[in-house]
Amino acid sequence: MAKKTYRDALKEGLREEMLRDERVFLMGEDIGLNWGGAFKVTKGLAEEFGEERVRDTPISENTIAGAALGAAITGLIPVAEIMFGDLITLAMDQICNQAAKMRYMFGGQTSVPVVYRSVFGGGKNIASHHSQSLEAWFMHTPGLKIAVPAFAYDVKGLIKTAIRDPDPVMFFEHKLVYDKKEEVPDEEYLIPFGEARIRREGDDVTVWGTFQMLHKSLEVAEELAKEGISVEVIDPRTLMPLDKKTLIESVKKTGRLVLVTEETKTGATTSEIAAIVQEEAFDWLDAPIKRVNAPDTPVPFSPPLEQFFIPSGERIAEAVRSVV
Amino acid sequence: MAVSKKVLVNLYTRTLKVRLFEEKVWDLFGQNLVPGTLHLYLGQEAVAAGVTAALDKSDWIQSTHRGHGHVIAKGADMNAALAELLGKATGSCKGKGGSMHITQFDVGVLGATGVVASGIPIGVGAALSCKMRGTKEVVACFFGDGASNNGTFGESLNMAAIWSLPVVFVVENNLYAMGTPIKMMCPSIDIAERATGYCIPSIVVDGNNALEVYEAAVEAVKRAREGGGPTLIECKTYRQRGHSRFDAAKYRPPEEVEFWLNRDSVEKIKKIVIEKGALTEKDAEKIRTKLQKEVDKAGEFAVNSEYPKPKDALDDVFAEVL
């Protein structure tokens with residue numbers, strides 16, 4: 001087994017599915033021959049599969065999303081890319097009013113096997129329109145599944161599951177993890193939705209988080225181990241369906257929970273997780289649930305401002321120390 | 001275009017069927033049996049009839065919030081359609097959609113949508129699918145004059161044009177977007193002019209004349225099926241009622257209403273069909289009597305059907321309950 005980047009593991013997953021099923025095709029802005037995707041995820045795929053199946057589109061986000069939906073309900077399996085998560089605002093009607101509701105409002109007459117890929121997160125100094133983390137919006141929309149892979153192994157197994165799912169899947173990536181490497185099998189494997197992964201076992205505090213914050217939390221856990229604090233780190237891998245069981249069991253073991261995401265704090269996924277835990281594991285909590293998020297501001301541009309905005313390892317460590 | 005007697009009878013039958021269906025809906029609404037709101041298709045029947053008569057069963061249509069007529073004309077089961085409008089468990093959407101989402105997938109209806117202009121991208125995507133799957137299927141995408149002012153209109157026409165997709169854009173210009181006259185919101189008299197900017201051929205037809213609509217649709221469908229790409233057909237038509245449930249449409253000048261009521265779609269196609277010798281007055285009446293019976297039966301079915309169980313509200317969010 002070789003170490004591969006998140007980017008290459010994702011591409012491998014897409015490629016395997018395109019080889020397996022000719023109904024699978026990719027569409028999006030600059031994903032094809034000239035560019036290979038803004039983050040180079042699809043580089044080489046247009047050469048291999050042709051421009052029909054790796055389809056460059058005009059800059060028309062709402063119609064990219066809608067056309068993918070129309071193709072999905074008539075026999076194809078589109079993977080539509082919205083170049084930046086911030087630009088999903090332009091496609092919200094097709095995703096949230098149409099794709100998410102189509103099975104329901106038509107009484108189960110159709111499946112909607114479409115995947116919407118996009119990328120969240122800051123850290124690249126590209127300011128308010130290219131850095132947000134908006135996953136909570138979609139958690140608030142019944143009918144969408146949401147994958148949030150943070151590691152190379154997971155991104156391959158999850159994209160394959162997303163493509164085979166009969167429901168619309170929001171597949172969110174993070175800019176800062178594309179280059180992160182880990183062992184990724186060459187052979188096929190699928191990761192079921194709704195199964196969290198405990199990335200590090202521990203006894204004192206549970207840390208639940210997503211994307212780049214998981215990588216930071218693992219570093220923090222390593223440091224805190226030296227202080228004698230044993231941290232368990234949970235990666236939900238999908239937000240819908242959400243693996244409550246793994247989280248609740250962990251909280252029952254540690255009695256303490258710190259939630260860490262790069263989202264702005266108010267109405268974030270962490271708000272929902274905190275509510276679930278107090279509903280289902282209140283009696284096991286030995287300390288208040290702590291949230292570590294970005295402040296409620298747009299994402300700023302200047303490096304010191306952005307560094308302040310994105311939760312730091314120190315903030316995570318402080319939150320953990322404050323509950324033990 | 002030489003149109004056979006069989007097609008003429010078909011056009012009359014389709015137009016009338018949609019009319020009788022909508023009159024039944026209005027009747028049931030008057031009895032307070034239709035929950036929520038309604039956007040009646042009365043007056044615009046010739047558009048749905050003319051376009052769907054030019055399509056094959058395996059072709060698709062994308063509908064709108066004013067969609068009953070499209071769905072019925074495409075061949076939907078009237079029992080399931082009426083039951084849906086009444087919110088019954090036997091409805092085509094099991095009572096989850098109602099008037100604005102009236103849909104029957106098995107006869108090629110991709111959906112009806114409550115968001116103006118949102119169906120256009122979906123229709124374009126279905127056309128992309130028809131092309132990529134190597135079928136000869138065609139999509140007819142209905143929308144109104146109001147929708148042509150939304151961004152998806154431009155995005156979708158552009159996408160259909162660059163990829164030469166088998167789609168026919170059918171603009172039902174009924175002169176009002178809710179209560180706003182189109183002349184206030186569109187700088188040109190014809191919406192069809194906008195197609196030119198996307199290199200899409202277009203035509204303006206009398207949308208109250210099912211034969212004229214049909215002839216334009218046949219040409220557009222042929223172009224699409226043969227790989228010639230999209231066409232836009234603008235059908236000038238008129239709502240015989242208001243925009244929705246409680247709209248008396250007092251913003252419309254009486255002489256304008258009278259002008260259009262004198263161009264009634266059913267009367268018009270009936271006259272054409274009789275003049276061309278495809279039907280006698282007596283034949284036409286026979287067809288009406290037969291259709292009326294079917295519609296009445298569907299009405300009874302809908303009224304006598306059960307409502308869904310409250311907890312059925314939890315089904316159909318995903319393929320499996322999560």
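Each chain gets a letter, A, B and so on, in the order the sequences are listed, and its residues count up from 1. Just so it is clear, the model here is predicted, and its values are computed rather than measured.
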Q: Between E52(A) and M132(B) (side chain of the first, backbone of the second, donor and acceptor by atom type, cut-off under 3.5 Å), is there such a pair?
A: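 Not a single qualifying donor-acceptor pair exists.
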Q: Are M105(A) and T103(B) close enough, and set up right, to give a side chain to side chain contact (heavy atoms under 4.5 Å, CB included), and what steps lead you there?
A: CA-CA 9 Å; M105(A) 67 187 184; T103(B) 294; over 6 Å; no
Q: Does any heavy atom of chain B fall under 4.5 Å from the side chain of R23(A), the backbone, both, or neither of them?
A: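 Neither part; nothing is under 4.5 Å.
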Q: Could you report the tightest heavy-atom contact between R133(B) and L76(A), atom names first, then the distance?
A: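 Closest pair (atom of R133(B), atom of L76(A), distance): CG-CD2, 3.5 Å.
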Q: Has Y104(A) got a side-chain atom pairing as donor or acceptor with L314(B)'s backbone, closer than 3.5 angstrom?
A: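 Flag not set: sc Y104(A) to bb L314(B) has no pair under 3.5 Å.
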Q: Please classify the contact between E22(A) and chain B as side chain, backbone, both or neither, with a heavy-atom cut-off of under 4.5 Å.
A: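 The answer is neither part of E22(A).
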Q: Is the number of heavy atoms from other residues, nucleotides or ligands within 6.0 Å of NZ (K244(A)) greater than 12?
A: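 No - once you tally the heavy atoms of other residues, nucleotides and ligands closer than 6.0 Å, there are 12 at most.
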Q: Chain A: which of G91(B), G97(B), S118(B) shares the most heavy-atom pairs with it under 4.5 Å?
A: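 So the answer, after comparing G91(B), G97(B), S118(B), is S118(B).
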Q: From N158(B) CG over to I59(A) CD1, what is the distance, rounded to the nearest 0.5 angstrom?
A: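 Going from the CG atom of N158(B) to the CD1 atom of I59(A) covers 11.0 Å.
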Q: For residues S156(B) and T63(A), report the shortest heavy-atom separation together with the two atoms involved.
A: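 That closest heavy-atom pairing would be OG-OG1, 3.6 Å.
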Q: Can you tell which of I64(A), L69(A), I73(A) has the highest number of heavy-atom pairs within less than 4.5 Å of chain B?
A: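 Going by pairs under 4.5 Å, I would pick I73(A).
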Q: Apply side chain to side chain contact (heavy atoms under 4.5 Å, CB included) to residues F106(A) and L110(B) and explain how you reach the verdict.
A: CA-CA 10 Å; F106(A) 300 158; L110(B) 293 163; over 6 Å; no
Q: Can you tell me which of I162(B), D315(B), D312(B), V139(B) forms the most heavy-atom pairs within a distance under 4.5 Å of chain A?
A: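 Going by pairs under 4.5 Å, I would pick D315(B).
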Q: Considering all heavy atoms of both residues, which atom of K94(B) and which atom of G107(A) are nearest to each other, and what is their separation?
A: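 Distance-wise, the nearest heavy atoms are CE-O, 2.8 Å.
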Q: To check you understand the geometry: which heavy-atom pair defines the closest contact between I122(B) and M102(A), and what is its length?
A: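 Between these two residues, the closest heavy atoms are CD1-CE, 4.0 Å.
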Q: Can you name the nearest heavy-atom pair linking W163(B) to D56(A), along with the distance?
A: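 Smallest interatomic distance, heavy atoms only, reads CZ2-O, 3.4 Å.
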Q: Is it the side chain or the backbone of T135(B) that comes within 4.5 Å of chain A heavy atoms, both, or neither?
A: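 Contact with chain A: none, neither part.
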Q: Can you tell me how far apart CG (D167(A)) and CG (L322(B)) are? Round to the nearest 0.5 Å.
A: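 D167(A) CG to L322(B) CG: 7.5 Å, rounded to 0.5 Å.
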Q: So what's closer than 4.5 Å to chain A heavy atoms on A112(B): side chain, backbone, both or neither?
A: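 Contact with chain A involves the backbone of A112(B) alone.
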Q: What residue, out of P241(A), P168(A), P166(A), P58(A), has the most heavy-atom pairs lying under 4.5 Å from chain B?
A: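 With the most close heavy-atom pairs to chain B, the winner is P58(A).
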Q: Checking heavy atoms, do the side chain of A313(B), its backbone, both or neither come under 4.5 Å from chain A?
A: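 Backbone plus side chain of A313(B), per the 4.5 Å heavy-atom cut-off to chain A.
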Q: Verify the neighbour count for atom CE of M100(B): are there more than 12 heavy atoms of other residues, nucleotides or ligands below 6.0 Å?
A: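 Not more than 12 within 6.0 Å, no.
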Q: Looking at S129(B) and T74(A), would you say the former's side chain and the latter's main chain have a donor-acceptor pair under 3.5 Å?
A: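 Yes: the side chain of S129(B) pairs with the backbone of T74(A).
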Q: Most heavy-atom pairs under 4.5 angstrom with chain A, which of P121(B), G114(B), G119(B)?
A: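 Top count of heavy-atom pairs under 4.5 Å with chain A: P121(B).
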Q: Using non-hydrogen atoms only, which part of F193(A) is less than 4.5 Å away from chain B: side chain, backbone, both, or neither?
A: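 For F193(A), neither part sits under 4.5 Å from chain B.
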Q: Closest heavy-atom contact between C93(B) and Q109(A)?
A: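 C93(B) and Q109(A) have their closest heavy atoms at SG-NE2, 3.6 Å.
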Q: Which residues, numbered in order, of residues 89-101 of chain A come under 4.5 angstrom of chain B by heavy-atom distance?
A: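 Interface residues of residues 89-101 of chain A: D93(A), Q94(A), N97(A), Q98(A).
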Q: Atom CD of residue position E51(A) - does it have more than 12 heavy atoms of other residues, nucleotides or ligands inside 6.0 Å?
A: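 At most 12 heavy atoms, drawn from other residues, nucleotides or ligands, come within 6.0 Å of this atom.
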